[in-house]
Amino acid sequence: MKFFIDTANIEEIKEANSMGMADGVTTNPTLIAREKGDFEDIIKEICKIVDGPISAEVISLDTEGMLKEARHLASIHKNIVVKLPMTIDGIKATRQLSKEGIKINVTLIFSPLQALMAAKAGATYVSPFIGRLDDISNEGILLVEQIVEIFNNYAFDTEVIVASVRNPLHVLDAALMGADIATIPFKVLSKFASHPLTDKGIKAFLDDWNKANK
Ligand code: G3P
């Protein structure tokens with residue numbers, strides 16, 4: 001399973017990368033807005049740190065605007081994946097850009113049929129947002145289960161990026177379902193790196209060692 005880091009924060013990306021946990025990075029306009037500096041400069045900096053797919057999202061809502069923005073973003077670096085919203089315009093742009101060899105991550109996926117449509121249009125990735133479904137009392141992880149099953153049924157190459165991950169259990173469930181990728185906020189990654197029994201065990205070993213005066 002690949003871990004992407006869901007942030008535009010350079011320090012977090014560097015830290016996750018030094019742990020070997022950043023197979024890629026996903027950003028969105030909200031994550032970029034949280035950071036200081038120009039959008040393209042931030043994306044270029046991320047591309048220098050992580051050698052893997054780096055998602056950068058367009059803000060246009062019409063197909064023509066998306067095509068223009070996407071071609072420009074893709075020209076910044078070979079690892080750029082263009083994020084397009086799951087709309088009819090986004091699907092048309094996905095179809096065209098995929099033919100041009102530009103990798104597309106169709107984002108804001110909330111139903112299995114949206115994912116199927118994006119895969120048929122040639123998307124390299126789809127991003128189901130599971131936390132936001134949980135927020136409205138729909139079990140987000142069930143969406144992942146259905147998408148994985150559909151893609152397996154028809155041997156689609158499109159990879160599933162589990163997004164809007166809010167806690168370690170989201171990652172565990174996604175891994176058990178065979179999702180290709182989870183894009184994880186750094187805070188969540190740090191949570192499942194540690195365990196109280198690990199800390200307790202380390203302390204007990206050191207205490208015993210010191211008591212024995214080795
Ligand atoms: O990459 C976008 C996605 O992960 C957003 O998450 O927490 O804003 O729903 P969230």
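One-based numbering, in listed order, for ligands and for the atoms of each.
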Side-chain (Gln114) to main-chain (Phe110) donor-acceptor, under 3.5 angstrom: yes
Counting non-hydrogen protein atoms only, what is the nearest one to atom 7 (O) of ligand 1? Give residue, atom name and distance. Arg166 NE, 3.0 Å
Does the pair Lys187/Asp6 count as a salt bridge with the N-to-O cut at 4.0 Å? no
With side-chain contact (heavy atoms from CB on, under 4.5 Å) as the test, pick out the partner of Ile46 among Thr7, Asn9, Val25, Asn17. Val25
side-chain contact (heavy atoms from CB on, under 4.5 Å) with Lys83: which of Leu73, Ile161, Asn105, Val58? Asn105
Around atom 1 (O) of ligand 1, find the nearest protein heavy atom and jot down its residue, atom name and distance. Asp6 OD1, 2.8 Å
Salt-bridge test for Asp207 and Lys203: reply yes if a basic N is under 4.0 Å from a carboxylate O, no otherwise. yes
Looking at ligand 1, is there an atom of it that comes within less than 4.0 Å of some heavy atom belonging to Lys83? yes
Under the 3.5 angstrom rule, does the side chain of Thr26 hit a backbone N or O of Thr183 as a donor-acceptor pair? no
Short list, please: which atoms of ligand 1 are under 4.0 Å from a heavy atom of Ala163? 4 (O)
Just which atoms of ligand 1 are under 4.0 Å from any heavy atom in Arg132? 5 (C), 8 (O), 9 (O), 10 (P)
Just need the protein heavy atom nearest to atom 2 (C) of ligand 1, so name the residue and atom and give the distance. Asn28 ND2, 3.1 Å
Do me a favour and list the nearest non-hydrogen protein atom to atom 6 (O) of ligand 1 with residue, atom name and distance? Ser164 CA, 3.3 Å
